[in-house]
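Presented below is the structure to which this report refers.
To find a chain, count down the sequence lines: A is the first, B the second, and so on, and within it residues start at 1.
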2 protein chains.
Amino acid sequence: MAATIRDIKKMTGLSLATVSKYLNGGNVLPENRLAIEHAIEVLHYEVNEVARGLATNKTKTVGVLIERFDNIFAGTVISEIEDILRAHDYGTIVCDCRGDEKLEEESIKFLLGKRVDGILTIPTSRSSKYLQAASDREVPVVLVDRAFEDRDWDSVLVDNTAASYEAVKSLIQRGHRKIAIICGEDKFYTARMRLQGYFKAMEEADLPIYPRYIKRGRLEVEHGYHSITELLKMEDSPTAVFLSNYEITLGAVIALNEKGVRFPDDISIIGFDNMMLSQVVKPNLWMVVQPMQEIARHAAQMLLDRMAGRVPETTEKITLKTSLLPGDSVADLSIKP
Amino acid sequence: MAATIRDIKKMTGLSLATVSKYLNGGNVLPENRLAIEHAIEVLHYEVNEVARGLATNKTKTVGVLIERFDNIFAGTVISEIEDILRAHDYGTIVCDCRGDEKLEEESIKFLLGKRVDGILTIPTSRSSKYLQAASDREVPVVLVDRAFEDRDWDSVLVDNTAASYEAVKSLIQRGHRKIAIICGEDKFYTARMRLQGYFKAMEEADLPIYPRYIKRGRLEVEHGYHSITELLKMEDSPTAVFLSNYEITLGAVIALNEKGVRFPDDISIIGFDNMMLSQVVKPNLWMVVQPMQEIARHAAQMLLDRMAGRVPETTEKITLKTSLLPGDSVADLSIKP
DNA sequence: CTGAAAGCGCTAACAC
DNA sequence: GTGTTAGCGCTTTCAG
């Protein structure tokens with residue numbers, strides 16, 4: 001059996017309180033300090049975090065709830081978050097809900113049952129109701145990437161509207177007028193924002209908005225694949241398509257490759273979220289890139305602050321900027337009118 | 001404050017033992033059962049897993065330690081593992097060590113400090129020494145994807161030698177004789193095994209093995225990029241290259257694209273690990289594909305068994321088979337001699 | 001089947 | 001600065 005604080009009490013002749021105090025960084029006479037350190041060494045003592053958790057009502061673990069793991073955005077962000085939290089001695093318990101709203105709600109309950117000290121989540125549901133349980137127990141929650149409209153929460157987001165606006169604008173500047181967008185369902189915050197950016201850019205340039213050029217659907221490879229296929233089949237095909245999410249981008253590229261449709265010769269495209277993909281594909285893709293590390297850093301820090309009791313008057317919303325990575329997947333129509 | 005077992009004791013007039021027994025699925029008089037259930041409902045009672053953990057010396061959490069998260073293989077496997085474990089009421093605490101052996105050892109200590117009931121790991125280090133601490137405390141460990149030669153551990157692997165053998169053999173069958181391999185450093189179990197498969201296929205076909213065609217290096221995009229660049233620069237360039245890992249594949253494809261080297265016209269390639277990539281790239285890549293879901297399922301189940309005390313006489317090693325996904329990235333040299 | 005009581009390993013008053 | 005003591009919320013003997 002592992003050594004306990006009592007064993008080191010016996011070995012040193014000190015009291016539990018003194019040992020505990022040492023363990024928690026309190027002041028102890030130098031000689032006692034040495035004695036304790038010696039005993040710890042000899043007995044291979046290590047704090048039992050569970051017992052400490054029961055006594056302090058803190059588990060030093062945080063829950064991370066996301067849609068799925070095998071996703072470049074989530075993977076990178078979590079990787080970074082985990083590192084930061086561990087450096088602060090927090091463990092990271094992960095759950096993925098696979099886009100299932102019911103599972104998402106259950107996962108919160110699950111994490112709460114594990115008594116996590118805080119929760120970081122990239123929401124799937126449209127409503128924040130599933131977070132109520134955490135809120136009820138005063139477990140701090142920080143939203144990552146997506147927000148809710150039914151209630152404000154502490155969150156770290158990117159300016160999705162601007163991201164999309166700039167991408168579409170750069171298409172317009174290169175002479176494109178028939179521009180399509182393949183995006184997510186309206187239930188996703190990010191999808192709505194990105195569509196808004198599209199509208200803004202089109203309106204600003206006085207370009208007509210055709211509903212047939214707006215392809216809403218699930219944020220999956222299939223949606224990108226089928227939507228771009230449909231766009232290509234139209235009599236009045238767009239000259240450019242904005243692929244407003246990673247999976248969509250992947251699906252669209254696969255479809256173009258399969259059909260032998262060349263970009264930018266036959267159609268121009270701008271993708272989303274994965275710098276690496278931009279280079280793997282030939283010609284290199286124009287890409288909207290999110291500052292994943294920064295997102296992670298801010299989110300982790302915000303949660304750390306909340307857990308430490310540093311709570312601002314109102315909810316805090318941090319919005320970061322995306323960048324637009326140029327490639328060779330957009331034709332410049334303005335030079336040969 | 002959240003309701004405790006004592007509150008429901010008060011409300012029902014029953015004893016702690018009875019309530020506890022109910023909570024743990026024991027037999028209780030129907031009327032008492034009802035009373036307890038009512039109290040639970042009213043008080044919003046939920047078991048405090050931390051207190052339970054202290055009493056039972058089980059935390060119902062497992063630690064997962066991997067090299068990195070933003071990696072298709074690890075991401076997919078963990079996603080699956082987490083799902084299975086959660087269904088059994090286990091939480092998953094993740095750590096990534098970023099390929100740092102020291103961090104890897106510390107992470108085990110960290111997980112042990114969190115009192116996980118078991119550990120699942122894709123090792124980074126060459127020696128299993130870092131797992132000793134877990135072993136000492138009799139915390140079950142299951143290795144995923146990579147094994148050690150210094151000691152046997154329970155593990156779920158794939159037959160890497162066969163995977164590689166088949167890939168290289170399929171190149172040979174298509175008339176290739178000058179075949180290169182870009183692989184990982186010898187310190188990685190998987191790298192050694194994959195190289196062995198290459199040797200086996202070459203020897204079997206009586207083909208000479210040139211050291212200059214064997215490019216060992218870090219399992220990163222850069223290694224793939226630079227190695228294929230060097231191979232192309234040789235006077236006596238290989239006609240085919242086996243890219244024995246996902247990052248290497250990515251790097252090689254990027255390099256080929258950048259330099260305008262066409263495959264399979266200028267060089268044939270077979271990649272590794274990501275079906276999606278196979279389709280994103282044009283022409284479609286030949287790919288060695290690992291059964292990630294199966295790996296995850298077996299690993300999770302094995303750990304669940306160990307934690308439940310089902311321990312076999314000797315260590316258990318499960319070896320799964322990979323498959324070879326055909327594409328258009330390999331030229332058939334045998335038809336135009 | 002139920003109850004009383006001890007204890008898991010640690011923290012946190014509170015006295016000294 | 002140190003020791004005593006009383007819990008944290010639950011499980012688990014052992015009687016009844």
Below the 4.0 Å mark, does D:dG3 have OP1 or OP2 next to a side-chain nitrogen or oxygen of A:Ser15? yes
Show, in sequence, the C-alpha distance, side-chain angles and deciding distance for A:Phe148 and A:Arg126, and conclude whether the side chain to side chain contact (heavy atoms under 4.5 Å, CB included) test is met. CA-CA 7 Å; A:Phe148 291 109; A:Arg126 176 165 202 154; 5.9 Å; no
Counting primed atoms, P, OP1 and OP2 as sugar-phosphate and everything else as base, the B/S/- map of nucleotides 11-16 of chain C against protein heavy atoms under 4.0 Å is BBB---
note: A:Arg115, atom CZ; D:dG9, atom P; distance rounded to Å ~ 9 Å
A:Asn48 CG to C:dC8 P, in whole Å, measures 12 Å
Contacts satisfying ring pair (Phe, Tyr, Trp, His ring centres under 6.0 Å) that involve residues 62-83 of chain B (not counting sequence neighbours) are A:Phe69-B:Phe69
From NZ of B:Lys9 across to C1' of C:dA5 the rounded distance in Å is 10 Å
B:Tyr22 OH to D:dT12 P, in whole Å, measures 18 Å
Taken to the nearest whole Å, NZ/B:Lys58 to P/D:dG9 is 23 Å
Between NZ of B:Lys10 and C1' of C:dG3 the distance, given in whole Å, is 17 Å
Between A:Arg146 and A:Phe188, is NZ or CZ placed under 6.0 angstrom from the six-membered ring centre and within 45° of the ring axis? yes
inquiry  = Less than 4.0 angstrom from a charged side-chain N to a carboxylate O is my criterion; do B:Lys317 and B:Asp154 meet it?
reply    = no
Comparing nearest nucleotides in DNA chain D, the 5'-proximal residue of the pair A:Leu29, A:Arg6 is A:Leu29
* Asked: What nucleic acid atoms does A:Leu54 come within less than 4.0 Å of, heavy atoms only: base, sugar-phosphate, or nothing?
  -> base
Applied to residues 69-79 of chain B, the salt bridge (Lys or Arg N to Asp or Glu O under 4.0 Å) test, sequence neighbours excluded, yields B:Arg68-B:Asp70
B:Glu49 atom CD is separated from D:dC8 atom P, nearest whole Å, by 19 Å
Check B:Arg98 with B:Glu106, please: is the shortest side-chain N to carboxylate O separation under 4.0 Å?
no
